[in-house]
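Have a look at the structure below before the remarks.
Start at 1 and go down the list; that is how both ligands and their atoms are numbered. Along the sequence shown, the residues carry numbers beginning at 1. Just so you know, these numbers come straight off a predicted model, no measurement behind them.
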Amino acid sequence: MAEPKANELMEKIVSLCKRRGFIYPSSEIYGGIAGFWDYGPLGAELKRNVKDLWWRRLVHQRDDVAGLEATIIMAPQVWKASGHVDTFSDPMVDCKTCKGRFRADQLAETPCPQRPSKMVSECHGEKTPPRAFNLMFTTHVGPVQDDSSLAYLRPETAQAIFVQFKNVLETSRQRVPFGIAQIGKAFRNEVTPRNFTFRSREFEQMELEYFIKPDEAVEAICGRVATPAGPGHPGEPQPDWGWQMWHQYWVEERLRFYESLGLSRDTLEEYWQKPEELAHYARACVDILFKFPFGTQELEGIAARSDFDLSQHQRFSGKPMTVFDEELKNAWAKLPKEKQDALWRRYFEARRAYLTRMGETAEQAEALARADADGLAKGWYVPHVIEPSAGVDRLILALICHAYSEVTDTDTKGKPETRVILRFHPSVAPIKVGVFPLLKNRPELVAKAREVRDLVRTRFTVFYDESGSIGRRYARQDEAGTPFGVTIDFDTLGETPALKDTVTVRERDTGRQERVAIAELTAWLEAHLR
Ligand code: ATP
């Protein structure tokens with residue numbers, strides 16, 4: 001069957017999402033609100049599965065990552081220190097003809113509201129020069145609405161991790177290298193929300209801040225700093241890994257995560273940001289992109305952010321963000337003098353460069369950097385960080401786009417009928433098992449089917465359905481992405497004695513059917529739902 005055109009395909013996906021209860025426009029009965037979306041019954045399950053899988057893999061299945069759940073509104077100084085108050089903005093232009101507001105860097109991809117066949121860059125409306133538009137939503141805390149009560153809805157979950165770094169370190173008994181993970185809402189007043197949920201104003205992030213030793217500390221302890229030998233997963237973490245190894249490790253770990261959800265490598269792309277695209281504090285950043293119908297776009301960014309974030313909070317809060325590393329202290333004492341001097345100087349230069357960039361006077365930067373390098377020699381440093389930062393909603397959209405497929409069957413009268421199958425990987429599928437009595441007007445079938453439903457739902461999400469022909473019920477579950485359908489028929493009741501207490505299990509993607517004993521059903525499903 002011919003591939004539907006990209007925008008046609010997106011229209012079908014948007015309408016399926018609404019019709020089947022994956023995603024609805026927020027506040028739809030009032031006409032909706034641009035950039036806000038609600039997840040319906042199937043969408044809520046899908047989202048929960050994705051977040052659980054991320055959490056399980058990053059927090060539960062590792063010894064070196066601890067979880068955090070912080071508030072959405074934080075002290076406004078957090079956003080001053082992070083740079084968001086001053087620089088978290090997009091360039092915006094106004095069109096004097098249609099009065100529309102657009103992102104200056106996206107005019108070539110945004111349809112003109114008055115002439116949708118033309119992009120804003122090509123339409124004739126005169127545009128204002130670009131102005132910086134800060135993307136943070138503001139609010140006021142308490143009853144007085146003035147500058148002193150101004151607060152922000154967080155535009156990312158990451159900053160809370162930095163702000164709580166010391167508390168987590170002290171209470172979790174972790175030691176660098178270790179990570180802190182958080183899932184939660186983030187808000188950005190995007191100038192032009194678009195591509196369905198891809199660019200929303202309220203969305204969820206899954207972020208990990210993985211804290212590592214500065215390379216100078218690694219070198220002092222191990223006598224060398226390992227760097228990547230080539231592409232691919234570098235294997236189990238080692239004590240001599242520098243930031244480049246850790247960065248590559250996290251890029252590969254994250255790619256494996258996407259693969260485990262069914263997004264094979266050929267649906268993804270890695271984009272290594274060019275030096276001129278990097279934020280001033282970042283040493284490297286890789287975007288993991290997914291091939292959406294509307295283009296290949298970012299799902300997640302994995303940035304090596306140096307020690308910028310903790311250093312900023314140290315300067316703004318006046319609270320030390322340094323950690324003490326006994327191993328470093330002992331190793332340093334044993335280094336030859338020239339090695340100590342070389343490492344001291346490298347650390348000093350890096351700290352001085354950062355402090356100077358942040359606006360400290362030359363003298364102040366020199367004095368502070370000297371103190372930092374002296375601290376390193378005694379075992380103290382501000383950890384560096386690798387940040388894999390993913391958007392939940394973009395991943396949900398990628399999973400739906402990837403799962404979407406159409407098949408054409410012929411109905412009983414020989415007429416072709418096209419229907420949708422969502423081929424979700426079983427681990428993310430909102431409903432794992434459909435349970436169906438063959439006929440709803442046979443109480444013994446219904447009773448048995450309910451028994452099976454109750455058994456299966458102790459372990460898996462189940463949808464019990466007794467209405468309509470069995471074919472229609474299968475089709476409804478195919479469209480919801482349910483991997484398996486279990487049918488209770490007369491053989492289950494013993495019509496064919498050898499088949500008593502067995503059920504038919506139908507596989508969504510192949511339509512293949514297998515007879516499974518009820519006593520073995522949960523174990524069978526367990527094995528097949530991985
Ligand atoms: P973009 O360049 O697409 O605006 P970004 O580089 O600003 O994204 P980050 O600040 O790195 O994004 O945020 C990390 C992740 O959060 C992104 O990879 C994306 O998955 C998600 N995200 C960011 N902005 C949005 C948004 N407006 N809607 C949905 N998800 C978002």
Side-chain angles (χ1 to χ4, degrees), residues 23 25-26 33-39 43 47 50-51 54 72 79 82-84 87-92 102-106 109-110 132-137 152-162 181-209 247 250-251 254-255 257-258 261 263 268-274 277-279 281-282 284-292 294-305 308-309 385-401:
I23 301 171
S26 163
I33 167 167
F36 296 86
W37 300 92
D38 291 342
Y39 288 80
K47 212 173 183 196
V50 164
K51 291 192 284 185
W54 186 90
I72 285 169
W79 305 109
S82 68
H84 284 81
T87 59
F88 192 57
S89 51
D90 279 337
M92 184 178 68
F102 309 99
R103 251 176 80 168
D105 54 341
Q106 290 177 349
E109 308 139 48
T110 311
F133 171 73
N134 194 294
L135 298 185
M136 283 196 293
F137 280 99
Y152 303 96
L153 302 193
R154 66 182 178 200
E156 61 174 35
T157 60
Q159 290 306 319
I161 297 180
F162 298 123
Q182 178 166 225
I183 299 178
K185 290 273 189 179
F187 302 81
R188 297 184 186 179
N189 198 2
E190 299 281 358
V191 179
T192 37
R194 63 211 182 112
N195 287 331
F196 198 18
T197 55
F198 180 83
R199 189 171 299 287
S200 303
R201 289 177 165 142
E202 175 174 340
F203 55 96
E204 268 188 285
Q205 290 184 315
M206 307 185 282
E207 295 196 297
L208 169 69
E209 300 301 332
H247 186 238
W250 279 112
V251 171
R254 300 302 303 137
L255 285 166
F257 172 74
Y258 290 115
L261 306 188
L263 301 180
L268 302 169
E269 262 178 35
E270 271 173 57
Y271 176 76
W272 288 75
Q273 286 189 12
K274 301 192 183 79
E277 293 172 311
L278 290 174
Y281 46 80
C285 186
V286 174
D287 293 337
I288 298 180
L289 317 176
F290 174 77
K291 294 172 186 166
F292 287 99
F294 46 82
T296 302
Q297 302 261 1
E298 176 178 334
L299 277 186
E300 166 160 358
I302 300 138
R305 299 176 60 90
F308 175 76
D309 306 275
V385 75
I386 308 291
E387 178 191 80
S389 168
V392 181
D393 310 78
R394 287 190 186 176
L395 177 50
I396 298 296
L397 186 56
L399 291 170
I400 294 174
C401 292

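- The closest side-chain donor-acceptor pair between Glu298 and Tyr271, if any, does not fall under 3.5 angstrom.
- In this structure, ligand 1 sits under 4.0 Å from heavy atoms belonging to Arg188, Glu190, Phe198, Arg199, Ser200, Phe203, Gln205, Glu298, Leu299, Glu300, Gly301, Ser389, Ala390, Gly391, Arg394.
- Taking the six-membered ring for Trp and the full ring otherwise, Phe187 and Tyr152 have centroids separated by 6.0 Å or more.
- Both tests pass for Arg394 against the ring of Phe198: distance under 6.0 Å to the centre and angle within 45° of the axis.
- In this view, Lys51 and Glu204 satisfy the salt bridge (Lys or Arg N to Asp or Glu O under 4.0 Å) rule, not counting sequence neighbours.
- Between Arg305 and Glu209 there is no salt bridge, since no side-chain N of the basic residue sits under 4.0 Å from a carboxylate O of the acidic one.
- Below 30°, between 30° and 60°, or above 60°: for Phe292 and Phe290 the angle between ring planes is above 60°, a perpendicular geometry.
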